[in-house]
Amino acid sequence: MKLLTWNVNSIRLRLDRLADLCQREAPDVLCLQELKCTDADFPSDAIAALGYNTSFWGQKGYNGVAILARAPLALRDVRRNFAGSPVAEEARSLWATVGDLRIASLYMVNGQSVGSDKYQVKLDFFAALTAHLQREMIAHPELVIAGDFNVAPEDRDVYDPRLWKGRILCSDREREALQALLGLGLVDLHRQVDQSAGVYSWWDYRFGQFSRDRGLRIDLLLGSAALAQRVSAATVDRRARDPKSSSDKPSDHAPVIVTIT
DNA sequence: ATGGTGGTCTCACCA
């Protein structure tokens with residue numbers, strides 16, 4: 001089973017790249033974030049035409065998450081949000097069951113800057129999510145949470161760790177919050193098969209960061225132990241991030257793909 | 001110092 005997570009940064013502007021991605025990789029399940037459209041504006045027909053069943057939760061302007069399952073795979077027990085979220089009105093998590101797999105598409109709070117009000121909301125969001133998962137994991141032994149975590153887990157996930165030390169996306173408290181989540185028994189699935197430094201999933205639009213490969217790995221798939229043992233491959237689809245690979249513009253994130261046997 | 005959004009439609013907010 002091939003699982004994919006991608007912060008698309010506007011689903012409507014990224015339909016061509018999404019079609020390319022689905023054709024190229026044929027993922028079984030896609031978790032998308034930053035749809036940036038309302039439920040009414042979600043391009044359901046175009047995605048159905050790609051051969052995918054979809055559940056989504058959108059809102060005006062920001063946020064928005066979706067889960068796509070390649071037909072005939074069905075999405076069951078779909079839930080928006082989770083109990084205890086400090087930003088319950090924001091479309092940041094969607095949960096569904098595909099086969100035996102419980103999967104969530106997550107868009108973490110960015111946090112703006114260390115010490116800001118939004119930084120505290122980010123830490124609160126992590127804590128509430130951890131509490132929720134404690135229960136969810138008991139009900140679902142095969143579970144994956146995939147999305148834009150807005151945290152680079154370790155220095156090897158950062159192009160210049162000294163520059164980023166202590167800054168948003170890399171601060172100690174964010175990394176500790178992520179470790180608390182992993183402490184539930186979740187595993188960073190990409191790291192099961194690839195220990196190399198320099199694996200990134202996001203490059204700032206500014207400063208020509210992609211062309212210089214100055215990125216961070218902040219898009220993750222975290223899976224329960226039962227699944228972690230079955231990871232056979234993990235890749236980042238840099239083609240979807242490359243401005244030169246298509247006539248249209250890329251998202252600032254690249255899709256991350258994990259294959260489970 | 002880019003690229004996405006919405007409404008103030010030329011500019012503010014977010015990442």
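Labels below follow one simple rule: chain letters A, B, ... track the order of the sequence lines, proteins then strands, and each chain is numbered from 1.
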Compare the minimum distances between each of B/dT2, B/dA1, B/dT5 and the side chain of A/Phe207, then state the nucleotide with the smallest one.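 Of the options given, the side chain of A/Phe207 lies nearest B/dA1.
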Would you indicate which nucleotide in B/dT5, B/dC14, B/dA1 comes nearest to any side-chain atom of A/Arg12?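 Selected nucleotide: B/dT5.
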Go ahead and name the base partner of B/dG6; Watson-Crick or wobble counts if both distances stay under 3.5 Å, otherwise write none.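 Pair assignment: B/dG6 / B/dC11.
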Residue met sooner reading DNA chain B from 5', once A/Asn110 and A/Arg14 are mapped to nucleotides: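 Mapping each residue to its closest nucleotide by heavy atoms, the 5'-most match is A/Arg14.
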[atom1] gap between [N] and [M], integer Å:
{"N": "B/dT5", "M": "B/dT10", "atom1": "C1'", "result": "14 Å"}
{"N": "B/dA1", "M": "B/dC14", "atom1": "C1'", "result": "15 Å"}
{"N": "B/dT8", "M": "B/dG4", "atom1": "P", "result": "22 Å"}
{"N": "B/dG7", "M": "B/dG3", "atom1": "P", "result": "23 Å"}

Looking only at atom types and distance, does a side-chain atom of A/Arg14 sit under 3.5 Å from a main-chain N or O of A/Lys249, one as donor and one as acceptor?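 Here the side-chain-to-backbone pair exists.
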Would you say [X] reaches [N]'s phosphate, i.e. side-chain N/O to OP1/OP2 under 4.0 Å?
{"X": "A/Ser10", "N": "B/dT5", "result": "yes"}
{"X": "A/Lys118", "N": "B/dC14", "result": "yes"}
{"X": "A/Lys60", "N": "B/dT5", "result": "no"}

Using a heavy-atom cut-off of 4.0 Å across all strands, would you classify A/Tyr107 as base, sugar-phosphate, or nothing?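 Sugar-phosphate, backbone atoms only, no base.
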With the threshold set at 4.0 Å, does a side-chain nitrogen-carboxylate oxygen contact exist between [X] and [Y]?
{"X": "A/Asp148", "Y": "A/Arg92", "answer": "no"}
{"X": "A/Asp188", "Y": "A/Arg217", "answer": "yes"}
{"X": "A/Arg24", "Y": "A/Asp237", "answer": "yes"}

Rounded to the nearest Å, what distance is computed from the [atom1] atom of residue [X] to the [atom2] atom of nucleotide [N]?
{"X": "A/Asp248", "N": "B/dT2", "atom1": "CG", "atom2": "C1'", "result": "16 Å"}
{"X": "A/Gln59", "N": "B/dG4", "atom1": "CD", "atom2": "P", "result": "19 Å"}
{"X": "A/Asp148", "N": "B/dG4", "atom1": "CG", "atom2": "P", "result": "16 Å"}
{"X": "A/Glu34", "N": "B/dG4", "atom1": "CD", "atom2": "P", "result": "11 Å"}
{"X": "A/Asp117", "N": "B/dC14", "atom1": "CG", "atom2": "C1'", "result": "16 Å"}
{"X": "A/Gln33", "N": "B/dC14", "atom1": "CD", "atom2": "P", "result": "20 Å"}
{"X": "A/Asp204", "N": "B/dC14", "atom1": "CG", "atom2": "C1'", "result": "12 Å"}
{"X": "A/Lys249", "N": "B/dG4", "atom1": "NZ", "atom2": "P", "result": "5 Å"}

Answer whether the closest heavy-atom distance between the side chains of A/Val87 and A/Val121 falls below 4.5 Å.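 Touching, per the 4.5 Å side-chain cut-off.
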